[in-house]
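Per chain, numbering begins at 1; letters A, B, ... match sequence-line order.
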There are 2 protein chains.
Amino acid sequence: MTRTLRSDGRLPLHVRVGDDLVDRIAAGEWSPRTPLPPERSLAEEYGISVGTMRKVLSDLVAAGRLVREQGRGTYVRRADFSTSFLRFLRHGDPSGPLPTGHVLERTVTTAEAPVAEALDLPSGAPIVRLHRERRLGDRVLALEDIALPADRFAPLADLPVEDFADLLYPQYEELCAQTVTTASEVMTITTATADEARALGVDRDAPLVRIERLARDVRGDALEHRISRTPAADFTYRMEIQ
Amino acid sequence: MTRTLRSDGRLPLHVRVGDDLVDRIAAGEWSPRTPLPPERSLAEEYGISVGTMRKVLSDLVAAGRLVREQGRGTYVRRADFSTSFLRFLRHGDPSGPLPTGHVLERTVTTAEAPVAEALDLPSGAPIVRLHRERRLGDRVLALEDIALPADRFAPLADLPVEDFADLLYPQYEELCAQTVTTASEVMTITTATADEARALGVDRDAPLVRIERLARDVRGDALEHRISRTPAADFTYRMEIQ
DNA sequence: AAGTGGTCTAGACCACTGA
DNA sequence: CAGTGGTCTAGACCACTTT
């Protein structure tokens, strides 16, 4: 009757149940729109007490994997798209108009070694590549080069380039049923190549902020590799340290 | 018998008890070296159940204010000094030798408006100013300008400049009983002035990373204002996004 | 062995959301 | 009003650290 856990029985129950829930979310059993069952039902399903199930769920909330709302339910968390690095740019007020996205080039190709490694794919695996600009009005704020595993993102191989949205993550969710939950970024300062300088409207060798991002799903599997470049002069980053 | 809480009685018990504990930590009742009483004693002291006290304590752990170790006790958390932005510099391996710190100038003066505001002091309040270099061997990695409220940091006004340590936060704790718990930083990219270029050994107008940090104690009160500058070419920053 | 935090249970009752 | 998560209790027992 109670759900069987396959993980190491020496681990605490709340850890094993949490891992199992993450697997089920990754398998698509629940999405950001369909709530998980109430904690009482889940506790019964796993044959554990409500108190323990509450610990499982609040740990997953702390880990950024779920969101709970009193009276409504427990939902799979989607990445907050405003955490994009673009919110660190200085243009206008942060509550102002959203920068637009423009895919200039989309190719289906095979992954070079570094990108394949980042995405945890065999070298030469098929990927969808997007070259993209973010703009505010006429002004180009950033250049982006995006790589996606072709098997998970097949619908994007045929999508007309003008149909790509300003925000890609909601589109990944709608068209490809892939939800971005977390990401790691590495930021460095570089100087503009001739092409970058032309596209961004800055001098050759002007300092750029370069951000390499790896976006992941609930289970931590790599979904998207993205390199963004933006003029350093426009950049401010705030962080809270503990 | 049970400790009286002064905060708004409509708030949940675990919040009120948590606030009270933070006040007691800020008042110096416990330090990173003297453990808090065991959860059972604390629960009794406040007249609440152990389960509720456990929630209070684990919330404070999640907020970065306490550290718990099974079998040992519950301690006030100190800032992990390795979270300093210097760990983001590319020189050598991160586990290599620690950069040294050299106070070039120490003055006791009054706070200018922006610094006073950041430190939440009245304009013109007395502060201790430090101008400092961080070096690895002969090489200057970063310049720092530090401002500290003179009342809380009186012992530093007389300390010979050569007695300042490589890491200041442990010294704040030992000499001034001030523990840094959290900080916020704002990072921007600037270009080197003539003085900065000379001190850092880069070209005039070379890109610099400028980090403005405000360090706080458990209660969130401002302890230290610090502006650091380091050559942008040396800088890498990794972040995990949720 | 004594003392600490960690796991887990089995409830009662409250606060909020939506139909 | 039914159904959801949030608060709080009162325990038992386990795992780890220190003496």
If you count the non-hydrogen atoms of other residues, nucleotides and ligands that lie under 6.0 Å from [atom1] in [X], is the total more than 12?
| X | atom1 | result |
| --- | --- | --- |
| B:Glu29 | CD | yes |
| A:Asp120 | CG | no |
| A:Glu44 | CD | no |

Legend entry - Sub-4.5 Å side-chain heavy-atom contact between B:Leu175 and B:Phe153: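 B:Leu175 does not reach B:Phe153 side chain to side chain.
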
Legend entry - DNA chain D contacts among residues 8-22 of chain A, heavy-atom distance under 4.0 Å: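 Contacting residues: none.
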
Inset, instruction - For the residue pair B:Tyr237 and B:Phe235, categorise the inter-ring angle as parallel (less than 30°), tilted (30 to 60°) or perpendicular (more than 60°). - result: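 Correct class here is parallel.
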
Legend entry - Contact boundaries on DNA chain D for chain A, cut-off under 4.0 Å to non-hydrogen atoms: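 Range of nucleotides touched by chain A: D:dG3 to D:dT7.
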
Inset, instruction - Examine the side chains of B:Thr179 and B:Arg77 and answer whether a donor and an acceptor come within less than 3.5 Å of each other. - result: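 B:Arg77 and B:Thr179 do not have a side-chain donor-acceptor pair below 3.5 Å.
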
Inset, instruction - Applying side-chain contact (heavy atoms from CB on, under 4.5 Å), name anything that partners B:Asp217, two or more places apart in sequence or on another chain. - result: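 So B:Asp217 forms a side-chain contact (heavy atoms from CB on, under 4.5 Å) with B:Arg152, B:Arg219, B:Asp221, B:Leu223.
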
Inset, instruction - Let me know, please, whether B:Leu57 or A:Met53 comes out on the 5' side of the other along DNA chain C by nearest nucleotide. - result: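 Comparing both residues, the 5'-ward one is B:Leu57.
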
Legend entry - Residues in contact with DNA chain C, drawn from residues 60-70 of chain B - heavy-atom cutoff 4.0 Å: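 Contacts with DNA chain C under 4.0 Å: B:Arg68, B:Glu69, B:Gln70.
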
Residues 60-68 of chain A side chain polar contacts: donor-acceptor under 3.5 Å, at least two apart:
residue: A:Arg65; atom: NE; partner: A:Val218; partner atom: O; Å: 3.1
residue: A:Arg65; atom: NH2; partner: A:Val218; partner atom: O; Å: 2.9
residue: A:Arg68; atom: NE; partner: A:Thr74; partner atom: OG1; Å: 3.0
residue: A:Arg68; atom: NH1; partner: A:Glu39; partner atom: OE1; Å: 3.3
residue: A:Arg68; atom: NH2; partner: A:Glu39; partner atom: OE1; Å: 2.9
residue: A:Arg68; atom: NH2; partner: A:Thr74; partner atom: OG1; Å: 3.3

Legend entry - Nearest-nucleotide comparison on DNA chain D, the residue closer to the 5′ end among B:Ile48 and B:Arg40: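 Whichever sits nearer the 5' end wins; that is B:Ile48.
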
Legend entry - Residue closer to the 5' end of DNA chain D, A:Arg72 versus A:Arg54 (nearest nucleotide):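 It is A:Arg72 whose nearest nucleotide is closer to the 5' end.
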
Legend entry - Verdict with reasoning, B:Ile127 to B:His225, per side chain to side chain contact (heavy atoms under 4.5 Å, CB included): CA-CA 11 Å; B:Ile127 57 168; B:His225 180 262; over 6 Å; no

Inset, instruction - Any pair with a residue in residues 12-22 of chain A that passes side chain to side chain donor-acceptor pair (under 3.5 Å), sequence neighbours left out, goes on the list, sorted by first then second residue, please. - result: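 Every pair satisfying side chain to side chain donor-acceptor pair (under 3.5 Å) with a residue in residues 12-22 of chain A: A:Arg3-A:Asp20, A:Ser7-A:Arg16, A:Asp20-A:Tyr46.
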
